[in-house]
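Structure, as structure tokens:
Residue numbers start from 1 in every chain, and the chains themselves are labelled A, B, ... in the order their sequence lines are given, proteins ahead of strands.
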Amino acid sequence: MYRSHYSKDVTKKDYDKSIMVAGWIEDIRNIGSIAFIILRDKKGTLQLTVLKKENPELFEKLTSLSRESVVSIKGICKENEKVRNGYEILPKTFEVLSVAKAPLPLGVVDKVEADFDTRLDNRFIDLRKQRNRAIFTIRNAVFAVAHEYLQSQGFIEVHTPKITASSSEGGTDVFRLKYFEKEAFLAQSPQLYKQSLMATGLDRVYEIAWYFRAEEHNTRRHLNESTAVDLEMAFISDEEEVMNVLENLVHAMWKRASECKNEIRVLGKKIIVPKLPFTRIVYDKVVNKLQERNSSIQWGQDLRTDDERLLGDIMKEHGTEFYFITKYPLESKPFYTMPEGDKYSRGFDLACKGVEIASGSQRIHEVKLLEERMKVCNLSPKDFESYLNAFRYGMPPHGGFGFGIERFLMELLDIKNIRECILFPRDRTRLTP
RNA sequence: GCCCCGGUAGUGUAGUGGCCUAUCAUGCGAGCCUGUCGAGCUCGCGACUCGGAUUCAAAUUCCGGCCGGGGCGCCA
């Protein structure tokens, strides 16, 4: 046994008793005859106080350890108002579990900041910082509530292949790889599989999905490997039903995040839970509003980055940070999007403060129309035979969305670089660690 | 894919042709110090991304490579 208590779990009942703590040596302040050692564990830090005259050998050994070495300490817990936790530990025995090499490639509590690149190269140390770990604690919390909410709504979690034969649904470049004697691709999304599952009778499925995208973008908001809550539901009469699930999901996640008080405090953020329902604004109106503000957007075009930001500002003036953009022009949406009339589609985006965080639609469930739309989008139905087959033997009306988690976390926590929101980011140049 | 920018001790920086034997902080090492909590003080250690060119002289200018950052497009 190495530990009886975490730093934050020590209570008045433990005072004057022998307890065991374990963790990383964050800092050693050796004053001469007395030394203060800060020990960090999963939950926080605590102070070890060592007196030279009480045990010169123990004093010497403990104070000469390198920072970030891992130790287990057995000692007496003493109440002390002068110490931040209200207690300190007077070590009696200890065990060194791992000695850290010095100097560190990245200081955990140094007064100098490190470049993000240096931080990522040494992510295992970077994540020793409370602030950085808080992001992933919140990430865990929002995933947990996503599962809870979706399960409660009758969705089941599925896992679809990430190695696929079909090259593209359009819209992005994909990674190519060798699959024995064949060529294969990394899935850009579970889109085709989750739709195929609508033909099975599972009715409502979701996946914590990996998106692999080979675009050579180099921005703060793009990753080449990202995660999403991807969802598909059958027997819907229109896309509004899908939007309803999405807004409730986002709301539940935002709310759960707001309950992570400790992490929010560490991050120095405020999280205000948005009100439901989110505003719906049709694409045509978006174009009008943007044109009123001197945007050069033409009807039919997708919103450019500056248009998205401008719309975010406009919506904020109307007191809303979340909004759906609905009834997109058919030509700006992927082939599987259900048309509405000749020009429009049942596709929508969900934006938060000017950033697109989710995208979805009612889908086409009629195979002839699907083939037609593929051709219009310069895709060959021949390349999608196994997908199309799922539509030939009974496919109910359905729809769904993809909801980017890193984008969500960026907006939730006001983080400027998306790479902060994933443990080991994959971007244009980074393949390690 | 297009465009812009950067690379100096372990870390973060100063430096814009000679005053650079390269600044400061942090770190690391040695020493002093009984209540620190960004501890303090003394001494020390440690660096110009690579290759070529210009020049009497290059961290500094030019060209190329390598590595990285950012914007746009595309998207989550």
Side-chain angles (χ1 to χ4, degrees), chain A residues 26-38 45-54 59 63-64 66-68 78 80-85 88 90 100-122 125-126 168-174 188-191 209-230 246 301-309 332-334 349-352 355-360 401-411 416-419 421-422 427-430:
Chain A
E26 188 165 282
D27 194 21
I28 299 172
R29 290 189 280 272
N30 187 349
I31 310 298
S33 300
I34 186 169
F36 306 100
I37 298 172
I38 306 302
T45 58
L46 59 81
Q47 178 174 297
L48 309 168
T49 304
V50 201
L51 283 157
K52 195 178 206 169
K53 67 176 182 191
E54 287 209 349
F59 183 93
T63 55
S64 60
S66 53
R67 295 201 305 170
E68 295 302 314
K78 281 279 177 202
N80 190 334
E81 282 177 6
K82 280 185 273 189
V83 185
R84 281 186 183 151
N85 290 8
E88 62 191 345
L90 312 177
K101 206 173 130 189
L104 299 162
L106 176 70
V108 177
V109 287
D110 285 6
K111 299 162 193 172
V112 291
E113 276 296 301
D115 284 347
F116 197 31
D117 200 45
T118 308
R119 291 177 44 204
L120 287 177
D121 282 340
N122 301 283
I125 293 182
D126 188 48
S168 178
E169 317 152 16
T172 192
D173 288 331
V174 295
Q188 71 181 74
S189 85
Q191 183 63 30
W210 292 100
Y211 289 2
F212 299 98
R213 310 235 161 136
E215 290 288 336
E216 297 191 23
H217 32 47
N218 199 347
T219 80
R220 295 175 303 171
R221 352 177 268 291
H222 288 93
L223 292 166
N224 291 289
E225 184 182 50
S226 70
T227 52
V229 178
D230 226 293
L246 177 54
Q301 289 178 333
D302 235 327
L303 272 62
R304 291 185 318 233
T305 303
D306 49 351
D307 290 324
E308 286 181 356
R309 286 198 195 110
S332 71
K333 285 285 161 189
D349 285 348
L350 175 63
C352 173
V355 177
E356 205 179 286
I357 60 169
S359 180
F401 59 78
F403 166 33
I405 293 302
E406 288 81 19
R407 285 271 179 94
F408 170 82
L409 287 168
M410 269 179 99
E411 297 310 313
K416 299 297 176 222
N417 193 320
I418 197 165
R419 281 163 269 220
C421 300
I422 191 161
D427 62 28
R428 176 68 188 83
T429 51
R430 183 170 287 279

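A search for side chain to side chain donor-acceptor pair (under 3.5 Å) contacts involving A/Lys82 returns nothing, not counting sequence neighbours. Partners of A/Glu225 according to the salt bridge (charged side-chain N to carboxylate O under 4.0 Å, His left out) rule, which considers only residues two or more places apart in sequence or in another chain, do not exist here. A/Thr227 is linked by a side chain to side chain donor-acceptor pair (under 3.5 Å) to A/Arg139, A/Glu406, counting only residues two or more places apart in sequence or in another chain. Remark: A/Lys416 engages A/Asp414 in a side chain to side chain donor-acceptor pair (under 3.5 Å) (not counting sequence neighbours). Remark: A/Arg213 engages no residue in a salt bridge (charged side-chain N to carboxylate O under 4.0 Å, His left out) (not counting sequence neighbours). A search for salt bridge (charged side-chain N to carboxylate O under 4.0 Å, His left out) contacts involving A/Glu68 returns A/Arg40, A/Arg128, not counting sequence neighbours. Shown here are the side chain to side chain donor-acceptor pair (under 3.5 Å) partners of A/Glu88, two or more places apart in sequence or in another chain: A/Thr49, A/Asn80. With sequence neighbours left out, the side chain to side chain contact (heavy atoms under 4.5 Å, CB included) criterion links A/Ser332 to A/Asp302, A/Tyr328, A/Pro329.
At the phosphate of B/rG73, OP1 or OP2 sits under 4.0 Å from a side-chain N or O atom of A/Thr305. In this model, the phosphate group of B/rC72 is approached by a side-chain N or O of A/Arg309 to a distance below 4.0 Å at OP1 or OP2.
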Please write out each protein N/O paired with an N/O of nucleotides 39-41 of chain B under 3.5 Å, distance rounded to 0.1 Å.
from: B/rA39; atom 1: OP2; to: A/Asp27; atom 2: OD2; distance (Å): 3.3
from: B/rA39; atom 1: OP2; to: A/Arg29; atom 2: NH1; distance (Å): 2.6
from: B/rA39; atom 1: N6; to: A/Asn30; atom 2: O; distance (Å): 3.1

Hey, what are the protein-to-nucleotides 66-70 of chain B N/O distances that come in under 3.5 Å?
from: B/rG68; atom 1: OP1; to: A/Thr429; atom 2: O; distance (Å): 3.3
from: B/rG69; atom 1: OP2; to: A/Thr429; atom 2: OG1; distance (Å): 3.1
from: B/rG70; atom 1: OP1; to: A/Asn417; atom 2: ND2; distance (Å): 2.8
from: B/rG70; atom 1: OP2; to: A/Arg419; atom 2: NH2; distance (Å): 2.5

Can you pull every protein N or O that's under 3.5 Å from an N or O on nucleotides 46-50 of chain B?
none

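Ion pair A/Asp427/A/Arg220 not flagged as a salt bridge, since none of the NZ, NE, NH1 or NH2 atoms sits closer than 4.0 Å to an Asp/Glu carboxylate oxygen. Electrostatic pairing of A/Arg419 and A/Asp117 does not count as a salt bridge here, judged by no charged N lying under 4.0 Å from a carboxylate O.
Of the two residues contacting RNA chain B, namely A/Thr49 and A/Asp115, the nearest-nucleotide position lying further toward the 5' end is that of A/Asp115. Comparing A/Leu51 and A/Leu106 by the nucleotide of RNA chain B that holds the closest heavy atom to each, the one mapping nearer the 5' end is A/Leu106.
Of the listed nucleotides (B/rC72, B/rC75, B/rU34), B/rC72 has the atom at the smallest distance from the side chain of A/Arg221.
Computed from coordinates, the A/Glu26 CD to B/rG27 P distance equals 13 Å when rounded to whole Å.
Spacing between B/rC20 and B/rA47 at atom C1', rounded to whole Å, works out to 13 Å. Straight-line distance between the P atoms of B/rC5 and B/rG18: roughly 24 Å, to the nearest whole Å.
Remark: the A/His222 side chain and the B/rC74 base include a donor-acceptor N/O pair separated by less than 3.5 Å. Between the side chain of A/Arg67 and the base of B/rC28, no donor-acceptor pair of N or O atoms lies under 3.5 Å. Between the base of B/rG35 and the side chain of A/Glu88 there is a donor-acceptor pair shorter than 3.5 Å. Residue side chain A/Lys82 does not reach the base of B/rU36 through any donor-acceptor N/O pair under 3.5 Å, judged by distance alone.
Searching all strands for a Watson-Crick or G-U wobble partner of B/rG27 with both distances below 3.5 Å returns B/rC45. Using Watson-Crick or G-U wobble geometry with both donor-acceptor distances under 3.5 Å, B/rC37 finds no partner in any strand shown. When both pairing distances are held under 3.5 Å, B/rG6 makes a Watson-Crick or G-U pair with B/rC67. For B/rG18, the paired nucleotide is B/rC56, the pair qualifying as Watson-Crick or G-U wobble because both relevant distances are below 3.5 Å.
Residue A/Glu225 is out of contact with every strand shown, counting any heavy-atom pair closer than 4.0 Å. Using a 4.0 Å heavy-atom criterion, one finds that A/Ala114 contacts the sugar-phosphate atoms exclusively. Contact annotation for A/Val355: no contact, since no heavy-atom pair falls under 4.0 Å across all strands. Residue contacts shown for A/Ile38 are absent, as no nucleic acid heavy atom lies under 4.0 Å away. Within 4.0 Å (heavy atoms only), A/Glu406 reaches no atom of the nucleic acid at all. Using a 4.0 Å heavy-atom distance criterion, A/Lys52 is classed as making no nucleic acid contact.
Panel note: side chain A/Asp307, backbone A/Arg304; a donor-acceptor pair is recorded below 3.5 Å.
Relative ring orientation between A/His217 and A/His222 is described as parallel, the plane-to-plane angle staying below 30° on a 0-90° scale split at 30° and 60°.
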Distance-only donor-acceptor pairs under 3.5 Å for side chains of residues 100-116 of chain A, two or more places apart:
from: A/Asp110; atom 1: OD1; to: A/Arg67; atom 2: NH1; distance (Å): 3.3
from: A/Asp110; atom 1: OD1; to: A/Arg67; atom 2: NH2; distance (Å): 2.8

